[in-house]
Trainee: 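Just dropping this structure here.
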Number of protein chains: 2
Amino acid sequence: MRFDKTRSAGFLTNHLARLFAHHLQARIGPLGLAPAQFMTLLELWETDGLTQAELVTRLDVEQATMANTLNRMARDGLIDRVPHPEDKRARLVRLTDKAKALEGPAKAAAQGINADALAGLSEADRERFLATLNEIIGTLRRR
Amino acid sequence: MRFDKTRSAGFLTNHLARLFAHHLQARIGPLGLAPAQFMTLLELWETDGLTQAELVTRLDVEQATMANTLNRMARDGLIDRVPHPEDKRARLVRLTDKAKALEGPAKAAAQGINADALAGLSEADRERFLATLNEIIGTLRRR
DNA sequence: TCTAAATATATAGTATGCTATATATAAGAT
DNA sequence: ATCTTATATATAGCATACTATATATTTAGA
């Protein structure tokens, strides 16, 4: 059976994701951030005080993955966790001042990588690429 | 600063790669394979007897990553490593009969996932998507 | 030739992802 | 009110990725 890597969406997406992660790490590492932490901060910069469960839903990772990421973020002084006022099981994730201060530089770094990556494409191709990514994500999530 | 996840190539690619990996795991797991093992087998099915260094180049992963993947593959009876005839530092990675027998079913599983993922796209959009992935990979590798 | 640089592999440590499992609390059902 | 089920979080164990480092061998250069 033939299988051409360069024509496999799964293979190529895996490769590209590793390249993006590598570049992101290079640019936000100096800020004291790692990629999964940045992804989590994107939600918290939008809405401070989410629960772990809400972050899990919004970022589509497993609960155990998020629990570990939040532990590392607390260790690194990016978040605090305070008791949920109405639910003794839950805790609210709160940004520290340190994490709030990183919003500008970290988002700029990520935007820069996206811009570099798509630099060789026409505006129409960029739009089509983003739309297709979103569409395939939707397709695979439904299964 | 605004940062829309649904318009970030890096964010979307990370998400999609996780979805692809999850589906691939579900379909090749029952064959006794994991995604990185499958990726490595793709090269070895093409060319049996590669060195670790050659696999590293072809798959664009770090040497330590490949060393660990090969250890797990040897543990699982998918490969043997034999001394390189001309270079005492190196070893040749050889497929076992077990690994050879998995080529058809594993490739079929991966093709099936790719087909499912792209099912909602026109043929032209599929081609464009694959071409764009390859192009962006090229761009980011050059940096 | 002998030393220095390059190459092939291995290992340690860490981050991020997963599944499976455990515990605590909340909500619903009878 | 009690019992069952659902929800929120934590933890253990593993795969895959990374960087940094170590060792062995080969190649190149003085």
Side-chain angles (χ1 to χ4, degrees), chain A residues 11 13-30 32-41 50-57 59-76 78-79 81-93, chain B residues 10-11 13-26 28-30 32-41 50-57 59-76 78-79 81-93:
Chain A
F11 188 95
T13 301
N14 169 277
H15 191 180
L16 184 54
R18 286 187 285 112
L19 288 168
F20 268 119
H22 185 265
H23 285 272
L24 184 61
Q25 177 69 63
R27 296 217 213 173
I28 66 176
L33 290 181
Q37 296 182 348
F38 172 67
M39 178 171 90
T40 306
L41 287 175
L50 293 170
T51 65
Q52 183 187 111
E54 286 167 333
L55 287 165
V56 162
T57 300
L59 293 171
D60 199 26
V61 296
E62 289 301 316
Q63 175 266 320
T65 299
M66 184 52 65
N68 287 325
T69 295
L70 291 175
N71 279 339
R72 286 186 293 270
M73 291 175 77
R75 176 203 64 192
D76 297 345
L78 296 167
I79 57 162
R81 281 174 287 192
V82 302
H84 191 293
E86 291 148 28
D87 187 339
K88 285 182 187 168
R89 297 169 302 179
R91 293 197 280 171
L92 301 181
V93 180
Chain B
F11 188 96
T13 301
N14 169 275
H15 191 179
L16 183 54
R18 287 187 285 111
L19 289 168
F20 267 119
H22 184 264
H23 286 272
L24 184 61
Q25 177 70 61
I28 66 175
L33 291 180
Q37 297 182 348
F38 172 68
M39 178 171 89
T40 306
L41 288 174
L50 294 170
T51 64
Q52 183 187 113
E54 287 167 332
L55 287 165
V56 162
T57 300
L59 293 171
D60 199 26
V61 296
E62 289 302 315
Q63 174 266 320
T65 299
M66 184 52 65
N68 287 326
T69 296
L70 291 174
N71 279 340
R72 284 186 293 270
M73 291 174 76
R75 177 203 65 192
D76 296 345
L78 296 167
I79 58 162
R81 279 173 290 191
V82 302
H84 190 293
E86 290 146 28
D87 186 338
K88 286 181 186 167
R89 295 169 302 181
R91 292 197 281 172
L92 300 182
V93 180

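A note on names: the letters A, B, ... follow the listed sequences, proteins ahead of strands, and every chain is numbered from 1.
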Trainee: Nearest whole angstrom, please: distance from the C1' of D/dC14 to the CG of B/Asn68.
Mentor: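 Those two atoms, CG and C1', are 12 Å apart.
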Trainee: Would you kindly compare A/Gln25 and A/Glu86 by the position of their nearest DNA chain C nucleotide and give the one closer to the 5′ end?
Mentor: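 Going by which nucleotide is closer to the 5' end, it is A/Gln25.
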Trainee: To the nearest angstrom, how far is B/Gln63 atom CD from C/dT11 atom P?
Mentor: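 It is 11 Å, rounded to the nearest whole Å.
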Trainee: Going by heavy atoms in the side chains, are A/Thr13 and B/Leu19 under 4.5 Å from each other?
Mentor: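 Of all side-chain heavy-atom pairs linking B/Leu19 with A/Thr13, none is under 4.5 Å.
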Trainee: Of the nucleotides C/dT9, D/dA17, D/dA10, which one has an atom closest to the side chain of A/Ala67?
Mentor: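 Nearest listed nucleotide: D/dA10.
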Trainee: Find the distance B/Arg18:CZ to C/dA15:C1' and express it as a whole number of Å.
Mentor: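 Computing the B/Arg18:CZ to C/dA15:C1' distance gives 14 Å.
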Trainee: Under 4.0 Å between any heavy atoms, over every strand shown, what does B/Ala21 touch: base, sugar-phosphate, or nothing? Just pick one.
Mentor: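 It contacts nothing in the nucleic acid.
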Trainee: Looking only at side-chain atoms of B/Ala64, point me to the closest of D/dT9, C/dT11, D/dT26.
Mentor: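 Closest nucleotide among those given: C/dT11.
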Trainee: Judged by atom type as modelled, is there a donor-acceptor pair below 3.5 Å linking the side chain of A/Asp87 to the main-chain atoms of A/Arg89?
Mentor: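 Checking the backbone N and O of A/Arg89 against the side chain of A/Asp87, a donor-acceptor pair under 3.5 Å is found.
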Trainee: So what does B/Ala34 hit on the nucleic acid, given a heavy-atom distance under 4.0 Å: a base, only sugar-phosphate, or nothing?
Mentor: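 Touches sugar-phosphate only.
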Trainee: I'd like to know whether A/Met73 forms a side-chain contact (heavy atoms from CB on, under 4.5 Å) with A/Leu41, so could you lay out the CA-CA distance, the side-chain angles of the two residues, the decisive distance to 0.1 Å, and finally the verdict.
Mentor: CA-CA 10 Å; A/Met73 291 175 77; A/Leu41 287 175; 3.5 Å; yes
Trainee: Rounded to whole angstroms, how far apart are CG on A/Asp87 and C1' on C/dA27?
Mentor: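 Atom-to-atom, A/Asp87 to C/dA27, this comes out as 11 Å.
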Trainee: In this structure, how many angstroms lie between the P atom of D/dA15 and the CZ atom of B/Arg72, rounded?
Mentor: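 For the pair B/Arg72 CZ and D/dA15 P, the rounded distance is 6 Å.
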Trainee: Among D/dT11, D/dT16, C/dC18, which nucleotide sits nearest the side chain of B/Pro35?
Mentor: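 Of the options given, the side chain of B/Pro35 lies nearest D/dT16.
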Trainee: Taking A/Met66 as the fixed residue, which of A/Asn71, A/Leu55, A/Val93 is the one that meets the side-chain contact (heavy atoms from CB on, under 4.5 Å) rule?
Mentor: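 Going through the options one by one, the only one that passes is A/Leu55.
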Trainee: So, is A/Gln52 close to the D/dT7 phosphate, meaning a side-chain N or O under 4.0 Å from OP1 or OP2?
Mentor: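 It does not, given that no N or O in the side chain of A/Gln52 lies less than 4.0 Å from OP1 or OP2 of D/dT7.
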Trainee: Is there a side-chain polar atom (N or O) of A/Arg75 under 4.0 Å from OP1 or OP2 of C/dA15?
Mentor: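 It does, given that an N or O in the side chain of A/Arg75 lies less than 4.0 Å from OP1 or OP2 of C/dA15.
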Trainee: For the residue pair B/Asn14 and B/Arg18, confirm or rule out a side-chain donor-acceptor distance under 3.5 Å.
Mentor: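 Note: B/Asn14 and B/Arg18 side chains meet the donor-acceptor criterion.
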Trainee: Which of these nucleotides, C/dT9, D/dA17, C/dT11, is closest to any side-chain atom of B/Ala53?
Mentor: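 The listed nucleotide nearest to B/Ala53's side chain is C/dT9.
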Trainee: For a quick check of understanding: with a heavy-atom distance under 4.0 Å over all strands, which category does A/His84 fall into, base, sugar-phosphate or nothing?
Mentor: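 Nothing: the residue A/His84, judged by heavy atoms under 4.0 Å, touches no strand.
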Trainee: Over all strands shown, is A/Ala36 touching base, sugar-phosphate only, or nothing at heavy-atom distances under 4.0 angstrom?
Mentor: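 Sugar-phosphate, no base atom in range.
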Trainee: Under a 3.5 Å cutoff, is there a donor and acceptor pairing between the side chains of A/Arg72 and A/Asn68?
Mentor: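 Not at all, the side chains of A/Arg72 and A/Asn68 share no donor-acceptor pair under 3.5 Å.
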Trainee: Could you check how far CD of A/Glu54 sits from P of D/dT7, rounded to whole Å?
Mentor: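 Rounded to the whole Å, the gap is 14 Å.
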Trainee: How many Å lie between CG on A/Leu55 and P on D/dA10, as a whole number?
Mentor: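 Rounded to the whole Å, the gap is 12 Å.
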Trainee: Can you tell me if A/Thr65 touches the phosphate of C/dC18, counting only side-chain N or O atoms and a distance under 4.0 Å to OP1 or OP2?
Mentor: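 It does, given that an N or O in the side chain of A/Thr65 lies less than 4.0 Å from OP1 or OP2 of C/dC18.
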Trainee: Taking atom P of D/dA15 as reference, at what distance in whole Å does atom CD of B/Glu62 sit?
Mentor: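 Whole-Å distance recorded here is 21 Å.
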Trainee: Taking atom types as they are modelled, is there a donor-acceptor pair under 3.5 Å from the base of C/dT7 to the side chain of B/Arg89?
Mentor: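 Under the 3.5 Å cut-off, the side chain and the base do form a donor-acceptor pair.
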